[in-house]
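For reference, the structure discussed in these notes is given below.
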Amino acid sequence: YAGRALLLFEPEFGGRHLWFVLTDPEDDQVVAVMLRTAKAFTDPTVILRPGEHPFIHHDSSVRYSTARHFLVPAIHQALATGQCHLRQDMAKPLLKRVRDGLLQSPYTVHVLRAHCLTRFQA
């Protein structure tokens, strides 16, 4: 559901990264976005500071270019096999801030932005 935080192992992104779920399940899918350590070249739309979420210990960029659909059954399978671990849910103000960033970031895929715009208003 929206606000969940998942520590997910993804070889294509070089290991484990925190993902924030931004939508509630619909047709067994959710939209999630990855966080990475903030660097000079990363998306500056939303930078999270230590303390904004218990998992964050250094400045982290919400990487809106990574936003995508995840199948809920695949998340459950990853949890069962240890490829994914639940972390503390996002506070509602943080969820709103990250969602607003997805709508504003120039790196968000247009079709995903349109999809989320209708879901965020519900």
Side-chain angles (χ1 to χ4, degrees):
Y1 55 82
R4 281 249 119 154
L6 310 169
L7 184 61
L8 184 61
F9 177 74
E10 291 225 289
E12 75 177 273
F13 293 117
R16 295 186 188 278
H17 295 284
L18 191 67
W19 289 77
F20 285 149
V21 176
L22 303 183
T23 60
D24 287 325
E26 183 178 353
D27 296 327
D28 259 347
Q29 294 186 68
V30 294
V31 172
V33 64
M34 183 177 69
L35 278 72
R36 299 274 313 248
T37 300
K39 305 279 186 193
F41 56 85
T42 56
D43 184 351
T45 305
V46 174
I47 302 293
L48 301 179
R49 311 282 182 219
E52 291 190 75
H53 183 273
F55 187 82
I56 297 171
H57 299 288
H58 45 78
D59 289 357
S60 299
S61 171
V62 181
R63 304 267 316 257
Y64 292 106
S65 63
T66 68
R68 65 180 192 211
H69 287 97
F70 282 86
L71 294 173
V72 173
I75 293 172
H76 289 157
Q77 182 176 358
L79 286 165
T81 61
Q83 296 295 307
C84 179
H85 302 278
L86 295 177
R87 292 297 180 248
Q88 186 171 329
D89 290 350
M90 302 166 66
K92 289 189 186 296
L94 179 57
L95 174 61
K96 180 179 180 344
R97 185 170 161 217
V98 174
R99 282 177 160 184
D100 289 349
L102 181 130
L103 300 177
Q104 297 167 3
S105 175
Y107 298 100
T108 303
V109 175
H110 296 294
V111 69
L112 197 60
R113 179 182 292 114
H115 171 83
C116 287
L117 182 60
T118 61
R119 275 44 176 205
F120 293 172
Q121 293 175 351

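What you see below is based on every heavy atom in this structure, not just the backbone, and it leaves out hydrogens, waters and symmetry mates.
Annotation for Y1: hydrophobic cluster partners, listed by chain and number, are none (ILVMFWY side-chain heavy atoms under 4.5 Å, direct or chained). With side-chain heavy atoms closer than 4.5 Å counting as contact, directly or through intermediates, the hydrophobic cluster containing V109 also holds V31, V111, L112.
For A5, the side-chain contact (heavy atoms from CB on, under 4.5 Å) partners two or more places apart in sequence, or in a different chain, are L18, F20, H53, R87. Applying the side-chain contact (heavy atoms from CB on, under 4.5 Å) rule to H58 yields the partners T37, S60; only residues at least two apart in sequence or on another chain are considered. Among residues two or more places apart in sequence or in another chain, the side-chain hydrogen bond (donor to acceptor under 3.5 Å, both in side chains) test is passed with Q77 by none. Shown here are the side-chain contact (heavy atoms from CB on, under 4.5 Å) partners of P73, two or more places apart in sequence or in another chain: D28, L71.
For residues 73-82, no pair satisfies salt bridge (charged side-chain N to carboxylate O under 4.0 Å, His left out), with sequence neighbours left out. Within the structure, every pair that satisfies the salt bridge (charged side-chain N to carboxylate O under 4.0 Å, His left out) test and touches residues 42-61, not counting sequence neighbours, is listed here: R49-D59, E52-R97. Applying the ring-ring contact (aromatic ring centres under 6.0 Å, His included) definition to pairs two or more places apart or across chains, those involving residues 64-108 are W19-F70, H69-H115. Among residue pairs with one or both ends in residues 100-113, those qualifying as salt bridge (charged side-chain N to carboxylate O under 4.0 Å, His left out) are K96-D100; sequence neighbours excluded.
S61 pairs with exactly one of L48, T45, T42 by the side-chain contact (heavy atoms from CB on, under 4.5 Å) rule, that one being T42.
Residues V46 and G101 approach most closely at CG2-CA, 3.9 Å, considering heavy atoms.
Of the possible polar contacts, none joining the R63 side chain to the V33 backbone as a donor-acceptor pair under 3.5 Å is found. When atom types are taken as modelled, the side chain of T108 and the backbone of L103 share no donor-acceptor pair closer than 3.5 angstrom.
The CG atom of L7 sits 11.0 Å away from atom CD of Q83, with the distance rounded to the nearest 0.5 Å. A distance of 13.5 Å separates CZ in R4 from OG1 in T23, rounded to the nearest 0.5 Å. K92 NZ to L95 CG: the interatomic distance, rounded to the nearest 0.5 Å, is 7.5 Å.
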- Task: Kindly indicate, with the supporting measurements, whether the criterion side-chain contact (heavy atoms from CB on, under 4.5 Å) is fulfilled by V30 and D24.
- Result: CA-CA 6 Å; V30 294; D24 287 325; over 6 Å; no
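Contact of the Q88 side chain with the P54 side chain is registered, since non-hydrogen atoms from C-beta on lie closer than 4.5 Å. For the pair H17 and L8, the minimum side-chain heavy-atom distance is 4.5 Å or more.
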